[in-house]
Amino acid sequence: RAMEWGNYSVYADFTLLGLFSNARFPWLLFALVLLVFVTSVASNMAMIILIHIDSRLHTPMYFLLSQLSMDILYISTIVPKMLVDQVMSQRAISFAGCTAQHFLYLTLAGAEFFLLGLMSYDRYIAVCNPLRYPVLMSRRVCWLFVAAAWLGGSVDGFLLTPVTMQFPFCASREINHFFCEVPALLKLSCTDTSAYETAMYVCCIMMLLIPFSVISASYTRILITVYRMSEAEGRRKAVATCSSHMVVVGLFYGAAMYTYMLPHSYHTPEQDKAVSAFYTILTPMLNPLIYSLRNKDVTGALQKVVGRCVSSGKIAVTILSSG
């Protein structure tokens, strides 16, 4: 049971108003979100499997991309609960469940920020220092990079989650959102959270700007190097290799900067939900599609696997028919 302290309580359940509450056609939106979720899980799983089984994809770039495909965990932290609530006509989430969702979301999002920065550094080395690439991006270095990215994300989760969830929340525990995101939770607090919001703002700036600075510096050097290339084919290949990553960075960082760096006076709950849906639901689906559709190595590996499956199916049919 919740402990009642004055006019507020702690450890009680919350109510998520959800993404479908104000929709004109909630079941149509439900079907769309379900389709996006299934596509995201399937495409990310396919990317991980392809990178694992095709030896041509056993390179640092695709190793980092396989880590980025852990978006499966990211979207699974939020969407299944939201879809089940819509089907069961329930909106409650326990204090423990909200805390866990809050922690996982911060950790996974933080890790993705750092992974995108590391992927830009990988492209910088590949384009600007190709002769030193095997040394600077060795397997050991890649594992250290990935460990640092996940450690950075978990630090963000461990720092912000306990502080956010220790605030006393008012009697109205309706979160005007579809998951336990920090700004929506802080609006329910009965105490002044301005000092914490300022500290969180500084923390988020560091979490965003440190990898974003690496990305900006890397692509500035890449563009300079590409501009100086004399061969048109080399220039085209370099641009094609990096453009997919730049699209993903623009989508993810743009939405995150709106949510955590734009003053709250410029936000409305509807805008917050729309932007959050973009980078928590749509981006995990777009990432593998952008990388696979614009990458000949990935499409080639996919065609190879599909060809093997078709050949195996034909052989099995032949054996059954002859038997």
Side-chain angles (χ1 to χ4, degrees), residues 33-80 101 104-123 126 137 139 141-154 156-157 211 214-215 240-256 276-306 309:
V33 172
L34 178 60
L35 177 63
V36 170
F37 175 71
V38 172
T39 304
S40 176
V41 172
S43 57
N44 279 287
M45 282 296 298
M47 185 70 73
I48 293 172
I49 293 171
L50 285 176
I51 292 172
H52 177 72
I53 65 176
D54 196 306
S55 59
R56 294 175 299 176
L57 303 182
H58 293 174
T59 63
M61 182 180 76
Y62 293 108
F63 173 73
L64 294 175
L65 182 56
S66 70
Q67 296 296 312
L68 190 65
S69 293
M70 294 302 175
D71 277 339
I72 295 174
L73 303 177
Y74 187 45
I75 194 172
S76 297
T77 301
I78 298 167
V79 174
Q101 190 181 68
L104 290 172
Y105 159 73
L106 287 176
T107 299
L108 294 168
E112 183 153 349
F113 289 139
F114 289 115
L115 283 171
L116 290 172
L118 294 174
M119 291 176 71
S120 69
Y121 175 75
D122 170 77
R123 292 301 83 208
M137 293 299 297
R139 186 174 183 81
V141 171
C142 288
W143 276 110
L144 289 174
F145 278 169
V146 168
W150 286 104
L151 179 62
S154 62
D156 191 35
V214 174
I215 293 169
T241 303
C242 300
S243 58
S244 298
H245 185 249
M246 294 174 70
V247 171
V248 171
V249 167
L251 294 174
F252 194 73
Y253 273 83
S276 296
F278 182 80
Y279 74 85
T280 59
I281 300 175
L282 286 179
T283 302
M285 179 192 72
L286 294 175
N287 284 354
L289 296 179
I290 290 172
Y291 280 110
S292 62
L293 293 175
R294 296 175 61 88
N295 192 299
K296 291 184 179 180
D297 292 336
V298 175
T299 54
L302 181 61
Q303 291 172 357
K304 185 178 178 181
V305 170
V306 172
C309 292

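Side chains are part of it too, since the values below use all heavy atoms of this structure and drop only hydrogens, waters and symmetry mates.
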Keeping the roles fixed (side chain from [X], backbone from [Y]), state whether a donor-acceptor pair exists under 3.5 Å.
{"X": "Asn44", "Y": "Pro284", "result": "yes"}
{"X": "Ser40", "Y": "Ile75", "result": "no"}
{"X": "Ser66", "Y": "Phe63", "result": "yes"}

Decide if atom CZ of Arg56 counts as having more than 12 heavy atoms of other residues, nucleotides or ligands within a radius under 6.0 Å. yes

Counting only heavy atoms from other residues, nucleotides and ligands, does the tally under 6.0 Å from NE2 of His52 exceed 12? no

To check you understand the geometry: which heavy-atom pair defines the closest contact between [X] and [Y], and what is its length?
{"X": "Val146", "Y": "Leu118", "result": "N-CD1, 4.4 Å"}
{"X": "Ser69", "Y": "Met47", "result": "OG-CG, 3.4 Å"}
{"X": "Val214", "Y": "Gly117", "result": "CG1-O, 3.6 Å"}
{"X": "Ser154", "Y": "Leu151", "result": "OG-O, 2.8 Å"}
{"X": "Ile72", "Y": "Ile48", "result": "CD1-CD1, 4.3 Å"}
{"X": "Thr77", "Y": "Tyr105", "result": "CG2-N, 4.3 Å"}

For residues Val36 and Leu282, determine if any side-chain heavy atom of one lies less than 4.5 Å from a side-chain heavy atom of the other. yes

Measuring only between side-chain heavy atoms, which start at C-beta, is Met137 closer than 4.5 Å to Cys142? yes

So, taking the atom named [atom1] in [X] and the one named [atom2] in [Y], what distance separates them when rounded to the nearest 0.5 Å?
{"X": "Thr280", "Y": "Leu108", "atom1": "OG1", "atom2": "CG", "result": "12.0 Å"}
{"X": "Leu35", "Y": "Met285", "atom1": "CG", "atom2": "CE", "result": "7.5 Å"}
{"X": "Leu57", "Y": "Thr59", "atom1": "CG", "atom2": "OG1", "result": "6.5 Å"}

Establish, from distance only, whether the side-chain atoms of Asn287 and Asp71 form a donor-acceptor pair under 3.5 Å. yes

Do the two ring centres, one from Trp150 and one from Phe114, sit under 6.0 Å apart? no

Does the pair Leu73 and Leu104 meet the rule for a side chain to side chain contact (heavy atoms under 4.5 Å, CB included), with working shown? CA-CA 9 Å; Leu73 303 177; Leu104 290 172; over 6 Å; no

Can Met61 and Met119 be said to form a side chain to side chain contact (heavy atoms under 4.5 Å, CB included), step by step? CA-CA 7 Å; Met61 182 180 76; Met119 291 176 71; 5.5 Å; no

Test side chain to side chain contact (heavy atoms under 4.5 Å, CB included) applied to Ile78 and Ile281, step by step: CA-CA 8 Å; Ile78 298 167; Ile281 300 175; 5.6 Å; no

With sequence neighbours left out, what residues match Phe145 under ring-ring contact (aromatic ring centres under 6.0 Å, His included)?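 Residues passing ring-ring contact (aromatic ring centres under 6.0 Å, His included) with Phe145: Tyr121.
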
